[in-house]
Amino acid sequence: MTAIRQDAWSDEDDLILAEVTLRHIREGSTQLSAFEEVGEKIGRTAAACGFRWNSFVRKKYEAAIQIAKAQRQKRNQQKKHSAFAAVSHSTAVLESGSDAARSHDSFVEESISFDAVIRFLRQWKGTYQEMSRHIRQLEKEIGEKQDELDRLRSENDVLNKQVNEVETDYRVVNDDYKALIQIMDRARKLAFLVEEEDENKPRFKMDANGNLERID
């Protein structure tokens with residue numbers, strides 16, 4: 001019994017799902033048959049394949065789906081023409097050559113169209129992988145820039161804090177300096193007043209007899 005996978009879908013799984021489903025659409029089969037075939041190939045349930053197709057893969061292959069539907073319609077028309085030709089043996093004999101040529105041309109055209117679709121899918125796969133690598137690189141660079149921005153913001157916060165502390169210290173020193181100047185100015189004025197008062201006070205001296213006399 002095949003083990004049922006639960007891991008994530010890879011690009012190769014998506015490509016197998018697209019190729020098989022497009023072939024079933026082109027051949028007029030049901031998508032359920034396609035999902036069952038894919039499930040057997042990659043070890044998943046048909047329900048999981050159907051969900052993956054409808055939710056993710058189908059959106060990427062709208063153009064290829066339209067091509068497959070057009071080829072299916074052409075195939076059905078050819079079958080109707082073949083059935084109508086079988087009614088008359090003589091008509092079938094007369095037109096057998098042209099019918100064979102048309103069938104051959106149609107087969108070649110379908111093969112070419114299918115090859116073109118496969119080439120397109122593989123090219124798209126390569127482009128998708130390249131874009132994924134580019135996106136991962138951009139995400140890495142964005143992460144590095146974000147880390148650098150966070151580091152610069154942190155350094156800016158530290159510098160702002162230091163500037164605020166320096167400004168605070170400057171204001172304190174400046175206020176102390178102003179207060180010291182005011183004290184020195186008051187002390188100088190006070191010394192001048194004391195000196196002036198001393199000059200205005202009367203002075204005396206003692207004479208030879210022991211009497212005090214005023215000195216003008």
Side-chain angles (χ1 to χ4, degrees), residues 2-22 31 34-35 38-68 116-200:
T2 304
I4 302 302
R5 293 171 54 187
Q6 300 293 332
D7 56 328
W9 283 75
S10 66
D11 293 339
E12 189 66 25
D13 292 340
D14 289 340
L15 184 59
I16 293 174
L17 177 59
E19 290 178 347
V20 174
T21 304
L22 289 172
Q31 292 186 8
F35 301 152
V38 174
E40 292 178 359
K41 287 186 176 182
I42 63 176
R44 299 182 186 273
T45 64
C49 295
F51 180 80
R52 181 66 175 179
W53 171 259
N54 291 316
S55 64
F56 182 75
V57 179
R58 180 187 181 92
K59 300 174 183 178
K60 298 182 178 180
Y61 297 96
E62 291 295 340
I65 291 172
Q66 297 303 320
I67 293 174
V117 171
I118 295 300
R119 286 195 300 271
F120 169 79
L121 295 178
R122 294 190 184 280
Q123 182 180 3
W124 180 89
K125 178 183 176 182
T127 303
Y128 174 78
Q129 291 175 342
E130 182 64 25
M131 291 177 60
S132 297
R133 286 193 295 269
H134 185 61
I135 290 173
R136 287 194 295 270
Q137 181 64 26
L138 289 177
E139 290 175 344
K140 180 181 178 181
E141 293 178 359
I142 291 174
E144 293 174 349
K145 296 299 183 183
Q146 184 63 46
D147 293 341
E148 180 69 12
L149 179 60
D150 293 340
R151 183 182 66 80
L152 292 175
R153 285 176 174 171
S154 179
E155 292 180 356
N156 184 63
D157 292 338
V158 172
L159 293 175
N160 285 335
K161 183 178 180 181
Q162 293 176 351
V163 169
N164 292 333
E165 291 175 353
V166 170
E167 289 179 349
T168 300
D169 293 341
Y170 170 77
R171 285 194 295 269
V172 172
V173 171
N174 188 53
D175 293 340
D176 292 342
Y177 175 76
K178 291 180 178 179
L180 179 61
I181 294 299
Q182 292 176 355
I183 292 173
M184 293 177 64
D185 186 63
R186 287 197 297 270
R188 187 168 51 252
K189 291 180 180 179
L190 181 61
F192 177 78
L193 292 175
V194 170
E195 183 177 312
E196 185 178 12
E197 288 177 358
D198 290 341
E199 291 179 354
N200 294 330

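Heavy-atom basis, side chains included; hydrogens, waters and symmetry copies ignored.
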statement: In terms of heavy-atom contacts, W53 and A18 come closest through CZ3-CA, 3.9 Å
message: Apply salt bridge (charged side-chain N to carboxylate O under 4.0 Å, His left out) to residues D13 and R52 and explain how you reach the verdict.
response: CA-CA 10 Å; D13 292 340; R52 181 66 175 179; over 6 Å; no
message: Checking side chain to side chain contact (heavy atoms under 4.5 Å, CB included) between L22 and each of I67, I65, L17, which is the one that passes?
response: I65
query: Taking N54 for the side chain and G50 for the main chain, is one N or O donor matched with an acceptor at less than 3.5 Å?
result: yes
task: Give, for atom CG of L159 and atom CG of N164, the distance between the pair rounded to the nearest 0.5 Å.
output: 11.0 Å
- prompt: With sequence neighbours excluded, what pairs up with I183 under the side chain to side chain contact (heavy atoms under 4.5 Å, CB included) test?
  reply: R186
Closest non-hydrogen atom pair between V38 and C49, with its separation: CG1-SG, 3.8 Å
field: Stepwise side chain to side chain contact (heavy atoms under 4.5 Å, CB included) test for I181 and K178
entry: CA-CA 5 Å; I181 294 299; K178 291 180 178 179; 5.7 Å; no
query: Under the criterion side chain to side chain contact (heavy atoms under 4.5 Å, CB included), which of N160, L152, V158 is the partner of N156?
result: N160
- prompt: What's the spacing between F51 CZ and F35 CZ if we round to 0.5 Å?
  reply: 12.0 Å
- prompt: Nearest 0.5 Å, what's the CZ-CG distance between R44 and D7?
  reply: 4.5 Å
query: Can you tell me how far the NZ atom of K60 sits from the CG atom of D14, to the nearest 0.5 Å?
result: 6.0 Å
statement: All heavy atoms of K59 vs all of E62, minimum pair found to be O-CG, 3.8 Å
